[in-house]
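Computed from a predicted structure; not experimentally measured.
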Amino acid sequence: MEMFDAVRWTTRSLISGTCRPTVVGLDNVPSDGPFIVAPNHLSFFDSVIVQALMPRPVAFFAKAEYFTTGGVKGKVMKAFFESVGSIPVERGEQAASVQALKTLLDILESGRGIGIYPEGTRSRDGILYRGRTGVGWLALTTGAPVIPVGLIGTEKLQRAGEKGVRPQHFTMKVGEPLYFDKTGPDHSLPARREVTDRIMDAIAALTGQERSTSYNQSKSAE
C-alpha cells in the first residue's frame, strides 16, 4: 500500500501540475466498502487518470503486454501497473477475459474498488458506444454501487497515431452512485442489459457525448 500511495501521489501531482484538470464530484465516491467505477473511454491514459485522481484505490484491467514487455521500459511499465493494482488480461481471449471478470468480483467482495469501461475499448471518434454487460453483471452480482465517470478532453493528451504526450486541460466528472438490487450471479440477461443501459445514460449525462446504439468495434483492442 505504501508503494501504491507513493505512485498515486506522484502521478496525481504530475497530472495536476501539467494538465490543470477540472475534477468534480469526488465526494460521490463511498468512503468505505466496494464500489464500481464506470468511465467512458477516450484515451490510453484514462485508467492512469482515474487511478491517480480518485480518493480511493481503483483496480483496472491492463493489457498483459504491459507486464511482459522486455527491457528497461518493460520493467518500468510492469512496476507501475503492479503498484496501482492493475490486473493483467489477454485481450480477445474469452477464457482469459472471463477469469479477469472473476478477479474483479474477488476485489469487490473484499470491499475494495474496481474500474471497468462499459464500452470495452476506447472510442477513437469521440462517440459514446453501447455498453457491454460485464458492468451490469458485476453490479447485480455484488450489489456494489456504480460510480459513473465522465472524462472530457483526455483524447487530446495523445492523439491517434502519435507517440508523444501533450499536456492538456481535461475534465473528470464523478457522478452520483447508482444502486441496484443484489441478485447474485443468477439473474437474466435483460436485467443485466437494463442495468448497463442505465449506467450508460448516467455517463452520457456527464459527458454530453453523441451516442451510438452499436458496440465499439475497434480493430485493435485497447
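Distance check, rounded to the nearest 0.5 Å: CE of M172 to OG1 of T154 gives 11.0 Å. Note that CH2 of W137 is 9.0 Å distant from CG of L104, once rounded to the nearest 0.5 Å. Going from atom OG1 of T18 over to atom CZ of R166 covers 14.5 Å, rounded to the nearest 0.5 Å. The CG atom of D181 sits 12.0 Å away from the NE2 atom of H187 when rounded to the nearest 0.5 Å. Once rounded to the nearest 0.5 Å, the distance linking CG of N216 with CD1 of I127 reads 9.0 Å. Rounding to the nearest 0.5 angstrom, the gap separating the CZ atom in F45 from the NZ atom in K156 is 15.5 Å.
Partners of S47 according to the side-chain contact (heavy atoms from CB on, under 4.5 Å) rule, which considers only residues two or more places apart in sequence or in another chain, are Q51, F60, Y117.
No side-chain heavy atom of D46 sits less than 4.5 Å from a side-chain heavy atom of P39. D201 is listed as a side-chain neighbour of R211, based on a closest heavy-atom distance under 4.5 Å. Residues T10 and L14 are not in side-chain contact: their nearest non-hydrogen atoms beyond the backbone lie 4.5 Å or more apart. Two residues are said to be in side-chain contact when any heavy atoms from C-beta on lie closer than 4.5 Å; V174 and M54 meet this criterion. T121 places none of its side-chain heavy atoms less than 4.5 Å from the side chain of H41. The shortest side-chain heavy-atom distance between T196 and R130 does not fall under the 4.5 Å cut-off. Contact check for I49 versus L157: side-chain heavy atoms found under the 4.5 Å cut-off. Taking the side chain as every heavy atom from C-beta outward, P30 and R56 approach each other to under 4.5 Å.
Look at D197 and R193 and you find a salt bridge, because one of the NZ, NE, NH1 or NH2 atoms lies within 4.0 Å of a carboxylate O, short of that distance.
Hydrophobic clustering places F180 together with I114 (ILVMFWY residues linked when any side-chain heavy atoms are closer than 4.5 Å, directly or through intermediates).
Summarising the local packing, CD of E194 is surrounded by 12 or fewer heavy atoms from other residues, nucleotides or ligands at distances under 6.0 Å.
In terms of heavy-atom proximity, A139 sits nearest to V146 at CB-CG2, 3.8 Å.
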